[in-house]
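The next block holds one structure in the form of structure tokens; read it before the comments.
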Amino acid sequence: MPVMTLPTPQDFVLARDVCSYGYFVLAPNVWDPRTKTLMRVLSLRDGATSDPVLVAIRQRAKGRLAITISHSLEPSQREVVRAQVSRMLRLDESAQRIAQFHQRDPRFAASGRGRIFRSPTLFEDVVKTVTSCNVQWPGTIQMNRRLCEVVGSAVVIAGRGPAATRAFAFPTPKQLARTRPGTLRSRCRVGYRDVRLVELARLFTLAPSKGGVDQAWLEDPATPDDAMFKYLVKLPGVGPYAAANIMQLLGRYARLPLDTESARHGKHVLGFKGSAAKLAKQVREHFAPLGEDAFRSYWFELWTQYEALKGPAWTWDRDGVGSTFVSDAARAMK
DNA sequence: GGTAGACCTGGACGC
DNA sequence: GCGTCCAGGTCTACC
């Protein structure tokens with residue numbers, strides 16, 4: 001199978017930087033702890049079939065990744081693969097920028113943590129965020145798996161005919177936009193999120209001039225945080241928590257996505273007291289001095305708690321620890 | 001601007 | 001096996 005190489009910043013470590021956020025256990029991502037390989041299907045275009053391609057990403061040496069591809073690609077398609085893998089792994093974040101974070105919060109200098117795993121597209125990050133709202137983590141895992149299997153394109157990876165083994169891509173905006181809400185509800189178990197997800201997908205298929213999501217503006221470093229937050233909370237299924245989470249996925253770390261997990265952390269780890277609203281306020285104020293790295297500090301503090309209970313994240317698999325780490329942490333703090 | 005209640009699913013629990 | 005309760009963030013109606 002064809003292999004591409006991809007340069008990375010010198011401080012990049014695949015196992016550490018993939019296993020840095022819960023999305024690494026969400027379909028279509030598959031992390032193999034034994035071989036320290038990230039596998040998934042990428043969609044190379046937003047069409048009816050989406051040109052799915054299976055990739056396996058390994059770190060062969062410092063500063064270099066090997067990407068094995070399921071079949072030969074045109075040069076332009078290889079560029080799409082490079083761009084999507086770079087986005088997932090946050091290869092655009094320089095070693096200097098990570099070092100700046102470590103100066104602000106030296107607790108994570110030794111481990112080198114700083115990059116937070118995300119999806120190959122903004123659309124997938126937004127949908128994953130919406131499917132993580134008002135549901136427990138195993139529900140989020142299930143919704144993402146079924147969205148891929150029911151709506152996404154398939155790649156045959158072994159065998160042929162009905163008995164063939166297939167891997168599935170995450171749905172593209174066009175694929176999700178044309179799916180009936182009833183199908184999402186009954187087959188993907190997304191519940192009341194059905195209409196919101198279809199409408200969200202439709203907004204990603206439209207040009208900004210026609211009311212569609214302005215992805216270039218959202219990715220533009222010049223866009224002010226407050227304007228971005230106001231824009232995101234108007235998207236269907238996106239409230240204050242989801243908007244703040246999408247912002248961190250866009251590299252805006254000043255705002256914290258505060259949820260019940262934050263309140264639990266504030267109470268049991270940071271020793272705060274009071275109602276859920278008061279706990280959230282105290283958590284926000286606690287991390288505010290970290291400025292534009294507040295979320296990274298907050299997140300890696302939480303992540304360290306999970307790892308203390310369940311072992312290093314790179315040893316987790318989707319169906320084992322990966323499906324339980326949040327609930328186990330919550331139970332431990334009750 | 002703040003608040004209450006509905007939305008939906010899956011897991012835990014009691015019978 | 002069945003019914004009930006609960007957790008989870010967003011949205012809408014209402015004050």
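Throughout, a chain's letter reflects where its sequence line sits, starting with A, and its residues are numbered from 1.
Atom CD of Glu285(A) has more than 12 neighbouring heavy atoms from other residues, nucleotides or ligands inside a 6.0 Å radius.
A donor-acceptor pair is defined here as one N or O able to donate and one able to accept, closer than 3.5 Å; such a pair exists between the side chain of Arg90(A) and the backbone of Ile116(A). In terms of modelled atom types and a separation under 3.5 Å, the side chain of Trp31(A) and the main chain of Trp314(A) share a donor-acceptor contact.
Rounded to whole Å, atom C1' of dC11(C) lies 15 Å from atom CG of Leu200(A). Remark: P of dG8(C) and CG of Leu258(A) are 14 Å apart, rounded to the nearest angstrom. When rounded to the nearest whole Å, the span between NZ of Lys281(A) and P of dG2(B) equals 13 Å. With rounding to whole Å, Leu197(A) atom CG is found 15 Å from dC11(C) atom C1'.
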Short heteroatom pairs, N/O only, protein and nucleotides 8-11 of chain B, under 3.5 Å:
residue, atom, partner, partner atom, Å
dC8(B), OP1, Arg185(A), NH1, 2.7
dC8(B), OP1, Arg185(A), NH2, 2.7
dG10(B), OP1, Gln142(A), NE2, 2.7
dG10(B), OP1, Arg189(A), NE, 3.4
dG10(B), OP2, Arg189(A), NH2, 3.0

Can you pull every protein N or O that's under 3.5 Å from an N or O on nucleotides 13-15 of chain C?
none

Trace of the side chain to side chain donor-acceptor pair (under 3.5 Å) decision for Ser20(A) with Asp17(A) = CA-CA 5 Å; Ser20(A) 57; Asp17(A) 294 336; 5.7 Å; no

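Side-chain N/O atoms of Thr260(A) include none lying less than 4.0 angstrom from OP1 or OP2 on dA7(C). One finds no side-chain N or O of Arg196(A) lying less than 4.0 angstrom from the OP1 or OP2 phosphate oxygen of dT12(C).
Residue contacts for Val238(A): at a heavy-atom cut-off of 4.0 Å it reaches the sugar-phosphate backbone alone, with no base atom in range. Residue-level contact check: Leu184(A) touches neither bases nor backbone, having no heavy atom under 4.0 Å from any strand.
Atom SG of residue Cys188(A) and atom CE of residue Met143(A) lie 10.0 Å apart, to the nearest 0.5 angstrom.
The closest side-chain heavy-atom distance from Ile246(A) to Asp125(A) is not below 4.5 Å. Side-chain contact between Trp299(A) and Gln248(A) is absent, with no heavy-atom pair separated by less than 4.5 Å.
Phe123(A) has its ring centre less than 6.0 Å from the ring centre of Phe204(A).
With sequence neighbours left out, the ring pair (Phe, Tyr, Trp, His ring centres under 6.0 Å) criterion links Tyr192(A) to no other residue.
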